[in-house]
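When a ligand or atom number is given, it counts from 1 through the structure's own listing order.
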Amino acid sequence: MPSRSPAFSTSPAFSTSSVLSTPRSFVAWSLAHGLQRRFLHRAAGRGDLMAQLATDPAFYDDPYPSYEKLRSEGRVVRNGFVAGTVDHALANAILRSDQFTSSALGELPGPLQKLHGLVRDADTLSPVDPPSMLVVDPPIHTRYRHLVSRAFTARKIGRMADRVQDVANRLLDDLEQEPTFDLVSRYAAQLPVAVIADLLGVPDDERSQVLGWGNHAAVTLDPGLSWKQYRTAATALREMHAWFDHHLDRLRRAPGDDLLSQVLQDPEAADLTRDELHAIGLLVLGAGFETTVNLIGNAVELLDGHPDQRAWLQENPDGWANAVEEVLRVDAPVQLTVRFALRDTEVAGERIGAGEGVLVYLGGANRDPGVFTDPHEFDVRRANAAEHIGFSAGIHFCLGASLARLEATVALRTLYQRYPDLRVVGRPERRATRVLRGWEYLPVSTLARVSAA
Ligand code: HEM
């Protein structure tokens, strides 16, 4: 059997001794997750499907049958706490509407929201805590996005193709002597982390540590974390923030040609606070690898179940770009997001009340039969695969979409060129996250014909 990925190890250089179990952090957890967790578990016990999808691996390990059940119940489904949709047109319209916010304002009653603001620890801010770009509205959102989007133009990304190819080649060279390995920890995770670390000026010997923190913090996108999950994630985030202070100081002293050095020297960014700089930098860093790893892993698992399509792609390498779109459609690495109505509104023919939260199931909308013929079929030649909303839509449309597309296309094409007989062997394990969907462990053999015999 291939070996498992190495466990998360704390670098003594950046480690903090905090165990994060103070009364203050317990209150912060109770408000951000504890109350929600109680509600979700109760509702799941009553058979509420959206709560089951949020809490029960029997549902979220394979969410697609549940999405179809939601679809059969209507374009918007409500459980008294939140609404949800798997309708492509409605999801798209909500994501693009300025009548909605991605900020969780209104999730808690006013006084509790205030209390949360007071007990929140700036050193453990996650990608879904303000001032993260993901959860702020214009004009603040426009400002943050403008500061970093220059690095992600299609032209700039196109110029990174050789670098991405070099990383893929080098990772596969290192695996030459290993007929079986864990595709996730040895390849799918390594490629995006190397690319984004390059873009943000992170030295080689700090990348595996950053990957470890990212893996531990990824769970913070999920609702209703347990106290233990929250503490583990908050500890990783605290260490990551401490490391990021050190990284920014280093770039201030000796700027490179990386994105963060550019932001630090940009007069327009001169008045950004420490929290804002951290929110922008750590979001780009984390989003840069915590999602693409899932895209590559999901693709390998899907292609393993469709050897005819894999063979077609090996004969027709120009087809890889569309195959990547089809993977994003049929098994979206980011399964859902949430929006809150700012006022009573009507969107795509549906009424949503002021303050109402809507779970936008991207993975469900991507299988809407009104848009995709035979939506559950995986078809790398599907003509409209790119109509998926796996990268969201509207102002929060994924900043790194072009980079993710490039990385996945190069990673997969190179992998199957080098190892045409690559097969999944052993028993893969899913990541425990619910918003992010992917594999934690995906054992593969490059000599599958031999090992299958
Ligand atoms: C397969 C890979 C990826 C997927 C599926 C993905 C998906 C998404 C989705 C769904 C959102 C929007 C969430 C919402 O609307 O609430 C988003 C936003 C974002 N993504 Fe990605 N992403 C991927 C890769 C990347 C990469 C490689 C980067 C950076 C290099 C990146 C950076 C960002 C940033 C900064 C945002 C926030 C944009 C904003 O709020 O304006 N993502 N991503």
Minimum-distance protein heavy atom relative to atom 13 (C) of ligand 1
Leu134 CD2, 3.8 Å
Looking only at heavy atoms, what is the nearest atom pair of Arg413 and Pro317, with distance?
CD-CB, 4.1 Å
For ligand 1, which atoms, with element, lie under 4.0 Å from some heavy atom of Leu403?
30 (C)
Decide yes or no for Trp320 and Val410: does some side-chain heavy atom of the first lie under 4.5 Å from some side-chain heavy atom of the second?
no
Go through the side-chain N and O atoms of Ser126 and Asp129 and say whether any donor and acceptor fall under 3.5 Å apart.
yes
If we ignore angles and hydrogens, is there a donor and acceptor under 3.5 Å between the side chains of Glu326 and Asn322?
no
Has Arg405 got any heavy atom lying under 4.0 angstrom from an atom of ligand 1?
no
Note, atom 21 (Fe) of ligand 1 has protein N, O or S atoms under 2.8 Å numbering 1
Heavy-atom pair of closest approach, residues Thr85 and Arg75
OG1-O, 2.6 Å
Heavy-atom nearest neighbour in the protein, as seen from atom 38 (C) of ligand 1, with distance rounded to 0.1 Å
Arg145 NH1, 3.3 Å
Tell me: protein heavy atom nearest atom 40 (O) of ligand 1, and distance?
His396 ND1, 2.7 Å
Does some non-hydrogen atom of Val338 fall short of 4.0 Å from ligand 1?
no
Can a cation-pi geometry be assigned to Arg367 and Tyr64, taking NZ or CZ under 6.0 Å from the six-membered ring centre and within 45° of the ring axis?
yes
Looking only at side chains, do Gln335 and Arg434 share a donor and an acceptor under 3.5 Å apart?
no
Mind checking whether Gly390 has a heavy atom under 4.0 Å from ligand 1?
yes
Any donor-acceptor pair under 3.5 Å linking the side-chain atoms of His247 with those of Arg250?
yes
Would you check whether Phe152 reaches within less than 4.0 Å of ligand 1, judged by its heavy atoms?
yes
From CA spacing to verdict: side-chain contact (heavy atoms from CB on, under 4.5 Å), Asp245, His278:
CA-CA 8 Å; Asp245 277 329; His278 277 230; 2.9 Å; yes
Considering only NZ, NE, NH1 and NH2 on the basic side and carboxylate oxygens on the acidic side, decide whether Glu387 and Arg382 come within less than 4.0 Å.
no
Nearest protein heavy-atom contact for atom 16 (O) of ligand 1: which residue, which atom, what distance?
Thr337 OG1, 2.6 Å
Minimum heavy-atom separation for Thr273 and Glu276, please, with both atom names.
N-OE1, 2.9 Å
At under 4.0 Å between heavy atoms, is it the side chain or the backbone of His141 that contacts ligand 1, or both, or neither?
side chain
Ligand 1 versus Ile395: contacting region, heavy-atom distance under 4.0 Å:
backbone
Just let me know how Arg339 lines up against ligand 1, side chain, backbone, both or neither, with a heavy-atom cut-off below 4.0 Å.
side chain
Which ligand 1 atoms does Ile196 reach within 4.0 Å, using its non-hydrogen atoms?
30 (C)
Checking heavy atoms under 4.0 Å, the part of Asn294 that sits near ligand 1 is neither
Who's the nearest protein heavy-atom neighbour of atom 1 (C) of ligand 1, and how far?
Leu295 CD2, 3.5 Å
Here's a test for you: under side chain to side chain contact (heavy atoms under 4.5 Å, CB included), which of Leu303, Asp304, Asp308 qualifies with His306?
Asp308
Strictly by modelled atom types, are Asp222 and His33 linked by a side-chain donor-acceptor pair under 3.5 Å?
no
